[in-house]
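All heavy atoms count here, side chains included; hydrogens, waters and symmetry mates do not. Atoms within each ligand, like the ligands themselves, are counted from 1 in listed order.
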Amino acid sequence: MQFDLGRLGRMDPGDVLKISHVFVSHAHMDHFMGFDHLLRLFLPRDAVLDIHGPQDFLARIEARLAGYTWNLTEDYPLVIIGHEVRPDTIVSATFRAASGFRREADCHRAFDGILLDEPALRVSAAILDHKIPCLAFALAEKSHLNVDTSVLERLGLQPGRWIDSLKQAIRSGAPDDQPLTALVRDDGVVREEETSVGRLRELVIESRGQKIAYVVDTLYSPGNQQRIVELVREADLFFCESPFLEEDVEQASKRYHLTARQAGLLGRDARVRRLEVFHFSPRYEGRADEIYAEARSAFLGG
Ligand SMILES: [Zn+2]
């Protein structure tokens, strides 16, 4: 997973090649210039790259790909799938190296705030106002259900497929008296036994998944505040831009960016566990401590 494509050259190429999904907030240069670097590393690979971005994003990908000549890539298996997030719709298009990255037919699906929903995690997005649509993202791991093997031993149970049924029952909120067939060890002989979800519940330990949120390049307006707080709510880690200090709040608003104080207030309103501010304007060279202090003070309610 990669949020934004800035100067990817600073990343270890091995780490870049682990990327399978990219989420681009908007196509201002500092957030999208790394696309070429990504493409260069992935070009000879048998891989599928999924790239999400805001309104007009498919045209941006198409234009970037059209900037090069692709007459020798007919045997290259690389596939790029672009996804353009519009207010109610996600439009997707495929670009294959083998066909010179020609844009294939678009397909549409409804957008309900979720970009990616996999068994282990979910990525959501909100569309913010940065004088252009700009996406904010939240990645939430789903909770894990693990079996406590010491309880399994104590109850004389034999592992098997029935454990998946038990996890499934717990996930779907099944009542205690719901019947379930478990495997029991009796004097070395394994047999099935009718029992219930309630009697097996102590076997399963639920560990809460982590949530990470990412917000960049946005105006501190009531609409944006509401959308950010809703998306970011109770994140374990909230990465939030804070290019400006509050002393330059007018400049920040004019450029549709946040101040450190505003980042702190957003983190506070969303009740996040930890706030990490970044994306500082070069005008504050040597004053990073002031930015951290201002964000921290607003976050803690000082
Ligand atoms: Zn921007």
Side-chain angles (χ1 to χ4, degrees), residues 1-11 19 21-39 51-64 67 82-87 90 111 115 123-139 212-232 238-267 270 275-285 287-288 291 294-295:
M1 301 280 162
Q2 171 73 25
F3 294 119
D4 274 339
L5 295 170
R7 268 178 274 174
L8 291 194
R10 293 170 172 176
M11 278 174 75
I19 296 171
H21 293 81
V22 181
F23 301 91
V24 176
S25 58
H26 63 304
H28 279 160
M29 203 172 174
D30 52 334
H31 297 263
F32 195 42
M33 62 196 279
F35 179 80
D36 284 20
H37 188 88
L38 184 77
L39 182 59
I51 308 186
H52 286 79
Q55 189 90 36
D56 301 327
F57 193 58
L58 290 175
R60 306 267 176 252
I61 296 181
E62 198 174 5
R64 291 293 288 273
H83 306 276
E84 177 174 318
V85 182
R86 300 179 186 172
I90 298 179
F111 172 53
L115 301 183
V123 179
S124 310
I127 302 174
L128 305 178
D129 176 14
H130 176 45
K131 216 171 181 174
I132 47 165
C134 176
L135 301 180
F137 305 106
L139 183 158
I212 296 173
Y214 176 89
V215 170
V216 285
D217 293 36
T218 195
L219 175 71
Y220 196 69
S221 65
N224 277 345
Q225 279 169 257
Q226 192 195 340
R227 286 184 285 263
I228 291 169
V229 168
E230 209 167 287
L231 177 80
V232 166
F238 174 29
F239 290 100
C240 188
E241 73 147 2
S242 67
F244 291 92
L245 282 168
E246 190 67 15
E247 65 188 35
D248 295 316
V249 65
E250 272 182 38
Q251 185 69 7
S253 301
K254 223 159 93 188
R255 299 185 66 83
Y256 280 65
H257 276 290
L258 297 175
T259 67
R261 177 174 172 272
Q262 291 164 347
L265 293 175
L266 288 168
L275 169 70
E276 198 72 58
V277 290
F278 71 109
H279 206 13
F280 306 158
S281 161
R283 69 167 66 195
Y284 303 115
E285 181 92 51
R287 297 176 69 191
I291 302 177
E294 184 178 295

With sequence neighbours excluded, residues passing side-chain contact (heavy atoms from CB on, under 4.5 Å) with Ala288: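 If we apply the side-chain contact (heavy atoms from CB on, under 4.5 Å) test to Ala288, skipping adjacent residues, the hits are Phe280, Tyr292.
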Would you verify whether the NZ or CZ of Arg64 falls within 45 degrees of the ring axis of Phe32 while also being under 6.0 Å from that six-membered ring's centre?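 Yes, a cation-pi geometry holds between Arg64 and Phe32.
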Quick one: closest heavy-atom pair of His257 and Glu241, and the distance?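 Closest approach of His257 to Glu241, heavy atoms only: ND1-OE1, 2.8 Å.
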Could you tell me if the side chain of Thr259 sits less than 4.5 Å from the side chain of Asp248, heavy atoms only?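 With C-beta onward as the side chain, the pair stays apart.
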Quick check against the 3.5 Å criterion: does His31 have a side-chain atom that pairs as donor or acceptor with the backbone of Ser25?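 Such a contact is absent between His31 side chain and Ser25 backbone.
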Under 2.8 Å from the Zn ion (ligand 1), how many protein N/O/S atoms can be counted?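 Those protein atoms number 4 in total.
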Evaluate whether atom CZ of Arg227 has more than 12 neighbouring non-hydrogen atoms of other residues, nucleotides or ligands under 6.0 angstrom away.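 Atom CZ in Arg227 is crowded, with more than 12 foreign heavy atoms closer than 6.0 Å.
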